[in-house]
There are 2 protein chains.
Amino acid sequence: MARDAEATRRRILAVALALFREKGFAKTTMRQVAREAGMSLGAAYHHFDGKHAIVQAYYAQQNAAHEAAVRAALEQAGGGLRERLGVAFHTGLDVRAGDRALMRELAPLVIGPDEALSAFSPESEPLRNQSIALMRDLVDDPSVPEDVRDPMALALWALFLGVLLYFTRDTSPGQAKTRALVDGALDLAVVTMGAIGLPAFAPVRAQLTSLLRDAELLPDELA
Amino acid sequence: MARDAEATRRRILAVALALFREKGFAKTTMRQVAREAGMSLGAAYHHFDGKHAIVQAYYAQQNAAHEAAVRAALEQAGGGLRERLGVAFHTGLDVRAGDRALMRELAPLVIGPDEALSAFSPESEPLRNQSIALMRDLVDDPSVPEDVRDPMALALWALFLGVLLYFTRDTSPGQAKTRALVDGALDLAVVTMGAIGLPAFAPVRAQLTSLLRDAELLPDELA
DNA sequence: GTCTATATCCGGATAGAC
DNA sequence: GTCTATCCGGATATAGAC
């Protein structure tokens, strides 16, 4: 019964996330998850290949929430590139505001060798492409030269990853520093994207595109 | 007998690194390390608080090797800022060229919550300060306005961390992409550092310094 | 075929005797 | 400073229930 299986999966995920948030990822055991979800250890492992698989499901959930929130907020927001980028980034932080401690604990997995969880792995391609596509949509603006839009989308995605890492460790009230970092970094990014088209910046532009495209910002495996 | 203890420590570290490089960090067990070092599990744990403590010792060793290699290479190298930065970054890669696989596996620990190993933790301050100080020395150049030297040193340190992460995942022959990334990023950095002093760039300069200093590039805990 | 339970393995970590 | 014994939890094997 796939229907029941799906419900069971959701129940395990909910229980596990509650435990992760309450006691942390490392301190939560699969035995606890199974017990609180009302099943045996073996049963829990039947639905999730392990703790890491639960995290994977969590990422997908978070990603969907971000995407939906951004699309909704963009309906309201005005039209400028800078404003739309601000909405996307700040919404991304809003969605995750309650999970900073958990994300801080999970951050290692994102750059780790575990293929399923690494942000750079083939297994994460769907999630990654979804995020990059969002940035690509935002950057589809007359003020941005067409040939730098793709590399810029990639760079913005990488920037957002960095911002999230910063966010998880930012203990300033209301994570004001992260908010300021976002605003400053986006100001710079927009100025750069605007200036890059000027004839005077042709050399820098060639350098940037070669950095981000020919040499590729991300290593081979990301293709 | 502190003398014997120190020798035992070194023996454990050497054995552990050999195993890490041969079979990987995760697949190497403390039991193996102890056995190959000719002692019991408990004895090994007496000298190192755990696997993570061995990694910590490895980082310190690597850091010292990089610093020494850079200082030596700079004696030979000419005087330009760009050239000296290139020497520092490329030497950093040279020193670690044989350990890409291991570093890739250890990368998660660097951004992880484990205080002892995180690059951003108070416990790592000595190592971190050593690296930032090296960057600060390099940036002590007439072409760089004095008030941006400190934030630039911090930014260069962060850039180097990112380069190392890229390096561990770069499967291009001879890690040519990483080398190109270093050259391109440093070109941009030097151009930026030079241009930032011009009156026309006063607004951007204010933005940069506020980003890197007032708002701080790194979160609260890094002070 | 879908799901659950028990038993067991393995390795990191610790306790306490010597 | 070294040992043995033990704990704990992630992961797996496997048998069987529905």
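Rounded to whole angstrom, the span from the CZ atom of A:Phe48 across to the P atom of C:dT4 amounts to 12 Å. The CE-C1' distance, from A:Met39 to C:dT4, rounds to 9 Å in whole Å. The NE2 atom of A:His47 sits 10 Å away from the P atom of C:dA5 (whole-angstrom rounding). Per the geometry, NZ belonging to A:Lys23 stands 13 Å off C1' belonging to D:dC8, to the nearest Å. Distance CZ (A:Arg9) to P (C:dT4): 13 Å, rounded to an integer number of Å. Rounded to whole Å, atom P of D:dG1 lies 12 Å from atom CZ of B:Arg11.
At least one donor-acceptor pair under 3.5 Å links the side chain of A:Arg179 to the backbone N or O of A:His90.
Cation-pi geometry between A:Arg128 and A:Phe120 is not met at under 6.0 angstrom from the ring centre and within 45 degrees of the axis. A cation-pi arrangement is absent between B:Lys177 and B:Tyr166 under the rule of less than 6.0 angstrom and at most 45 degrees off the ring axis.
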Exercise. What string of B, S and - do you get for nucleotides 11-16 of chain C, 5' to 3', when a contact is any protein heavy atom under 4.0 Å?
Worked result: BBBB--

Problem set entry | From CA spacing to verdict: salt bridge (charged side-chain N to carboxylate O under 4.0 Å, His left out), A:Arg169, B:Glu115 | CA-CA 12 Å; A:Arg169 302 191 148 260; B:Glu115 291 303 304; 5.3 Å; no

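For C:dT4, the OP1/OP2 oxygens have no side-chain nitrogen or oxygen of A:His46 closer than 4.0 Å. Taking 4.0 angstrom as the limit, B:Ser40 places a side-chain polar atom (N or O) nearer than this to OP1 or OP2 of D:dC3.
For B:Ala43, taking side-chain heavy atoms from C-beta onward, the closest of the listed nucleotides D:dG1, D:dC3, C:dA5 is D:dC3.
Salt bridge annotation for A:Asp137-A:Arg149: absent, with no cationic side-chain nitrogen under 4.0 angstrom from a carboxylate oxygen.
Atom CG of B:Leu164 is separated from atom CZ of B:Arg96 by 5.0 Å, given to the nearest 0.5 angstrom.
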